[in-house]
A.B. asks: 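One structure is given below, represented as structure tokens, and several questions about it will come after.
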2 protein chains.
Amino acid sequence: MKSIPKAVANRLSLYLRLLERLHGNGVLTISSRAASETLGLSDAQVRRDLAYFGTFGQSGIGYLVEELLGKVRAILGTDRAWPVALVGYGNLGRALMAYAEFPHRSFHIAAVFDSDKAKVGRSARQLKVQSASRLFTRVKQLRIPLAILAVPADAAQNVAWRLARAGVRGILNFAPVRLQLPKRVFVSNIDFTVSLEQLSFHIRHTKRKS
Amino acid sequence: MKSIPKAVANRLSLYLRLLERLHGNGVLTISSRAASETLGLSDAQVRRDLAYFGTFGQSGIGYLVEELLGKVRAILGTDRAWPVALVGYGNLGRALMAYAEFPHRSFHIAAVFDSDKAKVGRSARQLKVQSASRLFTRVKQLRIPLAILAVPADAAQNVAWRLARAGVRGILNFAPVRLQLPKRVFVSNIDFTVSLEQLSFHIRHTKRKS
DNA sequence: AATTGTGAATCTCTTCACAGCA
DNA sequence: TGCTGTGAAGAGATTCACAATT
């Protein structure tokens with residue numbers, strides 16, 4: 001099997017969102033043309049992307065929404081539930097704990113940790129915030145594969161190492177630092193200021209309308 | 001002037017972070033080789049990227065950190081202060097309000113809005129949360145160029161339109177929807193579940209170590 | 001008639017490799 | 001010698017365009 005281009009992987013979530021919406025609306029089939037218009041891509045690109053995962057389109061008709069949905073879910077790995085460890089229960093951690101989209105999309109917070117004694121023991125939904133000292137043991141014991149890192153920048157690398165040693169395979173990192181980790185651990189970075197900088201860059205480099 | 005490739009724009013924030021750290025540590029020069037190792041890029045790429053903005057490296061020495069820092073800041077547009085409107089004062093909105101990195105990086109929240117009457121009037125730092133009905137007028141009056149959208153998915157498109165009409169040039173969107181806007185308005189999307197899906201995808205498609 | 005899947009062409013990005021500079 | 005800046009080559013991603021399919 002050809003390996004999947006990075007660019008394609010980044011678009012899969014896009015397809016998933018579209019297909020879930022269509023399925024929810026009872027739409028049975030979708031053509032590459034129709035999908036491409038909704039998503040702002042080209043029709044050829046949609047076909048090329050989907051072709052990486054097999055050939056399940058139907059000439060003259062398009063793709064069966066339900067079948068394709070199952071396929072994309074399987075490809076993304078969201079056809080099963082993923083327990084996630086949340087580390088850091090500050091402002092951001094609390095917002096993530098309350099984030100309603102996660103449970104609807106196969107990710108559920110299975111444990112919450114914080115190093116601040118004042119926060120430990122506090123109830124977050126049905127969970128209690130646990131001391132960060134128990135992080136390694138608990139994550140390993142529960143075999144939690146994913147973690148969300150919502151701790152201050154200067155604590156991030158240390159926590160990341162402990163998570164990696166505890167067997168975590170992927171980390172969603174909100175701290176504005178580049179984590180150094182063994183390559184079996186994948187990292188997705190979300191950095192709010194980087195995103196704002198992209199906006200200021202584009203504004204600065206575009207002709208003003210007025 | 002050649003137009004700047006998208007891929008380069010995305011790396012500028014990376015360079016900015018590195019240069020700020022070096023400058024803080026009193027480092028005077030940096031070679032493309034040294035920079036590339038820290039950042040996990042190739043040395044040729046660093047040189048190529050920087051060359052888009054002029055030629056200010058020095059043969060045999062490298063780049064002057066302070067000069068390059070100023071240059072990168074100017075390119076990204078973070079050499080001046082950017083007022084930002086925050087729309088949505090729920091869990092995420094409060095976390096963003098408290099986010100300490102923004103003020104250090106030329107972005108400051110200049111106004112906060114929420115449609116929930118119970119939240120209006122509440123104090124967020126030195127600001128009072130304002131009614132969303134005043135959004136258009138206030139944003140226009142204050143000429144706020146950037147907005148952070150931290151509202152529920154079903155309200156996002158409507159708020160985005162009002163922001164666009166009020167003259168906003170860039171929107172950082174946290175709602176899991178694709179905003180339709182005039183193309184003079186740039187959008188950066190941050191979608192937590194998309195990032196988690198990228199992790200599950202990579203884990204699913206990688207040989208397990210054990 | 002409508003639509004897929006894909007070779008070939010094109011466009012974009014990255015790396016190689018080296019002349020030229022301090 | 002150590003390093004930049006860049007032309008040329010290479011790799012990767014996108015689009016074109018059309019034979020094959022229902």
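Residue numbers begin at 1 in each chain, while the letters A, B, ... track the order of the sequences. Since the structure is predicted, the reported quantities are computational estimates derived from the model, not experimental observations.
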A.B. asks: Round to a whole Å and report the spacing from NZ of A/Lys71 to P of C/dT4.
C.D. replies: 17 Å

A.B. asks: Using atom CD1 of B/Ile4 as one end and atom P of C/dT14 as the other, report the distance to the nearest whole Å.
C.D. replies: 14 Å

A.B. asks: Among pairs that include at least one residue of residues 84-94 of chain A, which meet side chain to side chain donor-acceptor pair (under 3.5 Å), considering only residues two or more places apart or in two chains?
C.D. replies: none

A.B. asks: Rounded to whole Å, how long is the line connecting atom CD1 of A/Ile61 with atom P of D/dT22?
C.D. replies: 10 Å

A.B. asks: Could you tell me how far apart A/Phe56 (CZ) and C/dG5 (C1') are, to the nearest whole angstrom?
C.D. replies: 12 Å

A.B. asks: Are A/Arg165 and A/Phe136 in a cation-pi contact, defined as NZ or CZ under 6.0 Å from the six-membered ring centre and within 45° of the axis?
C.D. replies: yes

A.B. asks: Could you check if a side-chain atom of B/Val139 sits within less than 4.5 angstrom of a side-chain atom of B/Phe113, using non-hydrogen atoms only?
C.D. replies: yes

A.B. asks: Using whole Å, report how far CD of A/Gln58 lies from C1' of C/dA1.
C.D. replies: 16 Å

A.B. asks: Donor-acceptor pairs under 3.5 Å, side chain of residues 68-77 of chain A to any protein atom, not counting sequence neighbours: which ones?
C.D. replies:
from	atom 1	to	atom 2	distance (Å)
A/Arg73	NH2	A/Glu20	OE2	3.1

A.B. asks: Which is true for B/Gly60 with a 4.0 Å heavy-atom rule: it touches a base, it touches only sugar-phosphate, or it touches nothing?
C.D. replies: base

A.B. asks: Under the salt bridge (charged side-chain N to carboxylate O under 4.0 Å, His left out) definition, can you give me all pairs with a residue in residues 28-38 of chain B, not counting sequence neighbours?
C.D. replies: B/Arg33-B/Glu37

A.B. asks: Nearest 0.5 Å please: distance from the NE2 atom of B/His23 over to the CD1 atom of B/Ile30.
C.D. replies: 13.5 Å

A.B. asks: How does protein reach along nucleotides 11-20 of chain D, written 5' to 3' as B (base within reach of a heavy atom under 4.0 Å), S (only sugar-phosphate), or - (no contact)?
C.D. replies: --SSBBB---

A.B. asks: For this output row, return yes or no: ring centroids of B/Phe192 and A/Phe174 closer than 6.0 angstrom.
C.D. replies: yes

A.B. asks: Show me the donor-acceptor pairs, under 3.5 Å and distance only, between side chains in residues 38-51 of chain A and residues at least two apart or in other chains.
C.D. replies:
from	atom 1	to	atom 2	distance (Å)
A/Thr38	OG1	A/Ala34	O	3.0
A/Ser42	OG	A/Gln45	N	3.1
A/Arg47	NH1	A/Ser32	OG	3.0
A/Asp49	OD1	A/Arg11	NH2	3.1
A/Asp49	OD2	A/Arg11	NE	2.7
A/Asp49	OD2	A/Arg11	NH2	3.3
A/Asp49	OD2	A/Tyr15	OH	2.6

A.B. asks: Any residue in residues 24-33 of chain A with a heavy atom nearer than 4.0 angstrom to DNA chain D? Just list them by number, or reply none.
C.D. replies: none

A.B. asks: Report the distance from atom CZ of B/Phe53 to atom P of D/dG5, rounded to the nearest whole Å.
C.D. replies: 13 Å

A.B. asks: When the distance from CG of A/Leu64 to C1' of C/dT4 is rounded to whole Å, what number comes out?
C.D. replies: 13 Å

A.B. asks: For A/Asp43 and C/dT6, what is the distance between atoms CG and P respectively, to the nearest whole Å?
C.D. replies: 16 Å

A.B. asks: More than 12 foreign heavy atoms under 6.0 Å from CD of A/Glu66: is that the case here?
C.D. replies: no

